[in-house]
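These notes are about the structure you will find just below.
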Amino acid sequence: MTQETGPDLQALRHSASHIMAEAVQALFPGAKFGIGPTIESGFYYDFDLPRSLTQEDLAALEAKMAAAIAANLPFEHWTLPKEEARALFAGQPYKLELLAELPDERVSIYRQGAFTDLCRGPHVASTGQVRAFKLLSVAGAYWRGDEKRPMLQRIYGTAFPTGQELEDHLARLAEAERRDHRRLGQELELFSLHEEAGAGLVFWHPKGALVRHLIETFWKEEHLKRGYQLVYIPHISRAELWQKSGHLEFYKDSMYSPMEVDGQDYLIKPMNCPGHILIYKSRLRSYRELPLRWAELGTVYRYERSGVLHGLTRVRGFTQDDAHIFCRPDQLEAEVVGVLELARYMLQTFGFSEFQVLLSTRPEKYTGTLEVWETATAVLRRALERLGQPYEVDPGEGVFYGPKIDIKLQDALGRTWQGPTTQVDFNLPERFDVNYIGEDGREHRAVMVHRTVLGSLERFMGCLIEHYAGAFPLWLAPVQVALIPIADRHLDYARALAARLREAGLRVEVNEDKSRMQAKIREAQNQKIPFMLILGDSEVAASSITVRRRSGENLPGLTLESFLKLAQEDLAARR
RNA sequence: GCCAGCGUAGCUCAGGGGCAGAGCAGCGGUUUCGUAAACCGCCGGUCGUCGGUUCGAUUCCGACCGCUGGCUCCA
């Protein structure tokens with residue numbers, strides 16, 4: 001595969017974006033131009049147009065672009081004093097705004113054909129060098145990303161050095177669509193969302209619930225092994241609690257309106273932390289019992305603007321795999337190391353091996369003293385270094401209450417997802433007086449760490465579905481074995497086998513449909529069931545099993561025992 | 001929330017100011033031996049909701065709800 005970044009590809013795509021802008025200018029003489037940069041997988045350009053663009057417009061624009069490319073006109077480059085540039089872009093308010101912000105006396109201009117743009121470049125030598133391109137979609141985008149400013153129309157497109165690479169890219173997009181968890185969630189009967197119930201609220205069907213149960217069980221066992229304890233807290237609490245935690249002050253926009261109970265306001269929890277703190281504060285805590293690691297699959301509800309909701313990955317009710325660690329300052333580093341190790345282990349178990357680790361430091365608005373921030377940031381840094389974990393610093397991206405480490409993971413298609421996060425919190429211990437009695441008999445402030453390993457079960461499962469393309473490894477597959485009798489006379493044999501497999505702990509289904517074997521195989525394939533057992537006369541006669549894996553691999557004449565062994569191996573390896 | 005598009009059977013979709021359509025799924029029957037769809041029949045709909053225009057609206061208009069692609073924001 002060809003390198004997807006690098007100056008040449010950037011120049012190519014940027015040039016394509018100018019060629020597109022020229023086509024827009026030809027089609028809409030009054031068009032005003034925003035910006036047209038390259039992005040990770042292509043380019044876009046923002047326009048202010050007299051009417052909305054349609055899908056048909058894209059075809060017309062592509063045709064114009066093809067003509068410009070065929071003409072093979074040069075990209076000309078020169079610089080101008082700002083004053084002259086202002087005259088040149090007199091009818092272009094967005095360009096004038098950009099111009100006003102440029103510090104230099106002379107500005108850089110590019111022209112190809114009839115289109116002249118304020119642009120740093122670089123570009124390819126001539127339009128003919130842009131061969132493989134495609135316009136993909138139209139979307140609204142605020143000028144400069146500011147929702148108070150005009151909304152422009154953005155056209156997304158992509159371009160590659162060769163037609164083959166463009167085709168490969170389009171094939172990847174098609175593959176992503178095929179793996180879309182919303183589509184697979186319906187086809188595999190994992191979950192649904194209902195207009196009747198409200199947007200962003202997930203209903204788990206038996207098969208999806210089973211996968212979730214398996215993940216949750218694994219999660220709980222792994223946490224218990226590592227010295228975590230499980231807690232449960234109520235879903236609603238009095239407004240006073242959220243007042244004290246500061247959520248009503250800082251997080252109000254994401255919280256639902258109160259409900260009145262016996263004249264008191266109650267709120268649905270958007271976070272689990274205050275609940276865990278109440279448990280902590282139910283009695284005095286000694287330095288000897290720290291660290292306390294309290295974990296909960298805690299369901300929270302947050303208001304999200306309607307436009308951002310998306311399948312399982314952006315919802316209004318979700319279950320965080322949450323935990324809070326209460327510890328002494330001298331324990332923080334070891335705790336952070338433990339969290340990172342746990343995160344890495346869990347993610348690897350689900351088949352994720354590529355991570356990007358980000359250390360987010362103090363933002364402009366923050367609580368706590370500079371000194372605590374520095375110490376805590378240094379601790380996080382040391383923890384990462386102790387693990388030999390490469391990381392990047394994301395300056396100023398910490399939460400107002402403390403620094404954090406975010407892990408981004410890459411799925412099978414190389415797309416990145418927000419994964420585990422570990423945050424140090426200076427705010428809540430202050431607000432709630434989260435203390436312990438030290439060796440000296442005096443009260444000391446505890447350090448509090450919020451952390452999640454999967455993020456939320458909803459989002460993680462959305463990610464998992466796409467990562468596996470719905471073909472869950474054996475340990476997570478809702479149905480592990482489909483028994484396929486070839487004719488009705490093989491049904492009894494199939495049922496007897498099914499009973500023995502269930503006894504061995506496998507999740508099996510006998511296909512008793514009145515359809516042909518081919519149809520039954522197709523159905524099991526579509527349901528992405530890992531094993532199919534094909535049972536006909538010869539199997540019955542020999543008391544054997546013919547196994548078909550969903551990969552298509554065929555293993556005739558196995559005994560029940562050898563099949564169980566095969567399955568056990570896959571289960572143990574979590575394949 | 002904003003811009004654009006969309007909402008017709010369980011699913012995927014066609015249609016269009018005057019009788020509501022297909023394929024798949026489901027149900028019934030016939031059939032059923034070798035690795036991704038046997039055959040026949042039947043059932044299935046307040047055309048997202050509410051309002052308006054019209055003799056007549058699923059179709060045109062408006063509002064709302066929901067979905068999709070983005071923007072902004074996040075687990």
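Chain letters run A, B, ... following the sequence lines, proteins first and then strands; every chain starts at 1.
Here, C3(B) and A9(B) have their C1' atoms 33 Å apart, quoted to the whole Å. Nucleotides C2(B) and U8(B) have their P atoms positioned 23 Å apart, rounded to a whole Å. The separation of G66(B) from U49(B), taken at their C1' atoms, amounts to 10 Å, rounded to a whole angstrom. For the P atoms, the distance linking G5(B) with C64(B) amounts to 16 Å, nearest Å. The C1' atoms of C73(B) and C13(B) are separated by 35 Å, rounded to the nearest whole Å. U30(B) and C47(B) are spaced 36 Å apart, taking the C1' atom of each and rounding to whole Å. G21(B) and G34(B) have their P atoms separated by 40 Å, given to the nearest Å. Taking the C1' atoms as reference points, C71(B) lies 26 Å from G62(B), given to the whole Å.
Within 3.5 Å, a donor on the side chain of R305(A) pairs with an acceptor on the base of U72(B), or the reverse. With hydrogens and angles ignored, no donor-acceptor pair closer than 3.5 Å exists between the side chain of S306(A) and the base of G66(B). A donor-acceptor contact under 3.5 angstrom links the side-chain atoms of E539(A) to the base of G34(B). Donor-acceptor pairing under 3.5 Å, judged by distance alone, is present between the side chain of E304(A) and the base of A75(B). Counting atom types as modelled, Y142(A) pairs a side-chain N or O with a base atom of G1(B) as donor and acceptor under 3.5 Å. At a cut-off of 3.5 angstrom, the base of C2(B) holds no donor-acceptor pair with the side chain of R149(A).
With respect to D180(A) and R182(A), a salt bridge is recorded, a charged nitrogen being found less than 4.0 Å from a carboxylate O. Ion pairing between a basic and an acidic side chain is recognised when a charged N comes within 4.0 Å of a carboxylate O; R178(A) and E175(A) show such pairing. A salt bridge does not link R451(A) to E335(A): none of the charged nitrogens lies less than 4.0 Å from a carboxylate oxygen.
Nucleotide G23(B) has C11(B) as its partner under the Watson-Crick or G-U criteria, with both atom distances under 3.5 Å. Under the Watson-Crick or G-U wobble criterion, with both distances below 3.5 Å, A63(B) is paired with U49(B). Nucleotide A38(B) has U30(B) as its partner under the Watson-Crick or G-U criteria, with both atom distances under 3.5 Å. Across all strands shown, C71(B) forms a Watson-Crick or G-U wobble pair with G1(B), both key distances being under 3.5 Å. Across all strands shown, G16(B) forms no Watson-Crick or G-U wobble pair with both key distances under 3.5 Å. Across all strands shown, G56(B) has no partner, as no Watson-Crick or G-U wobble contact with both distances under 3.5 Å is found.
For C74(B), the OP1/OP2 oxygens have no side-chain nitrogen or oxygen of Y251(A) closer than 4.0 Å. For the pair H310(A) and C67(B), the criterion of a side-chain N or O lying under 4.0 Å from OP1 or OP2 is not met. Taking only side-chain nitrogens and oxygens, T452(A) never comes nearer than 4.0 Å to OP1 or OP2 of A75(B). An OP1 or OP2 oxygen of G69(B) is reached within less than 4.0 angstrom by a side-chain nitrogen or oxygen of R182(A). Phosphate proximity of C71(B) to Y156(A): present, with a side-chain N or O under 4.0 Å from OP1 or OP2. Residue S52(A) places at least one side-chain N or O closer than 4.0 Å to OP1 or OP2 of A4(B). Under 4.0 angstrom from either OP1 or OP2 of C3(B) there lies no side-chain N or O belonging to R154(A).
Rounded to whole Å, atom C1' of C65(B) lies 13 Å from atom CG of L309(A). In this structure, the CD1 atom of I39(A) is 11 Å from the C1' atom of G70(B), given to the nearest Å. Regarding L193(A), its CG atom lies at a distance of 13 Å from the C1' atom of U68(B), rounded to whole Å. Note: CD (Q423(A)) to C1' (C74(B)) measures 12 Å, nearest angstrom. Atom CD in E512(A) sits roughly 17 Å away from atom C1' in C27(B) (whole-Å rounding).
Of the candidates G34(B), C11(B), C67(B), the closest approach to any side-chain atom of S538(A) belongs to G34(B). Which of U72(B), A75(B), G34(B) sits closest to the side chain of Q518(A) comes down to G34(B). Counting only heavy atoms from C-beta on, N526(A) has its side chain closest to A36(B) among C3(B), G7(B), A36(B). Among G69(B), U35(B), G1(B), the nucleotide with an atom closest to any side-chain atom of E147(A) is G1(B). Listed nucleotides C71(B), U35(B), G7(B) differ in distance to I534(A); the shortest reach to its side chain belongs to U35(B).
W417(A) and E466(A) share no donor-acceptor pair across their side chains, judged by distance under 3.5 Å alone. Under the 3.5 Å distance criterion, with hydrogens and angles disregarded, a donor-acceptor pair is assigned to the side chains of T319(A) and R212(A). Side chain to side chain, D322(A) and T452(A) fail the donor-acceptor criterion of an N or O pair below 3.5 Å.
Toward the 5' end of RNA chain B, the nearer of the two residues G552(A) and G145(A), judged by each one's closest nucleotide, is G552(A). Remark on RNA chain B: of its neighbouring residues L53(A) and Y303(A), the 5'-side contact belongs to Y303(A), judged by nearest-heavy-atom nucleotide.
No option in Q320(A), H276(A), K404(A), H324(A) other than H324(A) meets the side-chain hydrogen bond (donor to acceptor under 3.5 Å, both in side chains) test with H450(A).
By the 4.5 Å heavy-atom criterion applied to side chains, L190(A) and V202(A) are not counted as neighbours.
With rounding to the nearest 0.5 angstrom, the OH atom of Y45(A) is 12.0 Å from the CZ atom of F43(A).
Here G536(A) lies in heavy-atom contact (under 4.0 Å) with a base. At the heavy-atom level, T546(A) lies under 4.0 Å from base atoms of the strands shown. Base engagement by K514(A) is indicated by at least one non-hydrogen atom pair under 4.0 Å involving a base atom. Across all strands, V300(A) comes closer than 4.0 Å to no nucleic acid atom at all (heavy-atom distances). At a threshold of 4.0 angstrom between heavy atoms, the contacts of G140(A) include nucleobase atoms, whether or not backbone atoms are also involved. Residue contacts shown for T319(A) are absent, as no nucleic acid heavy atom lies under 4.0 Å away.
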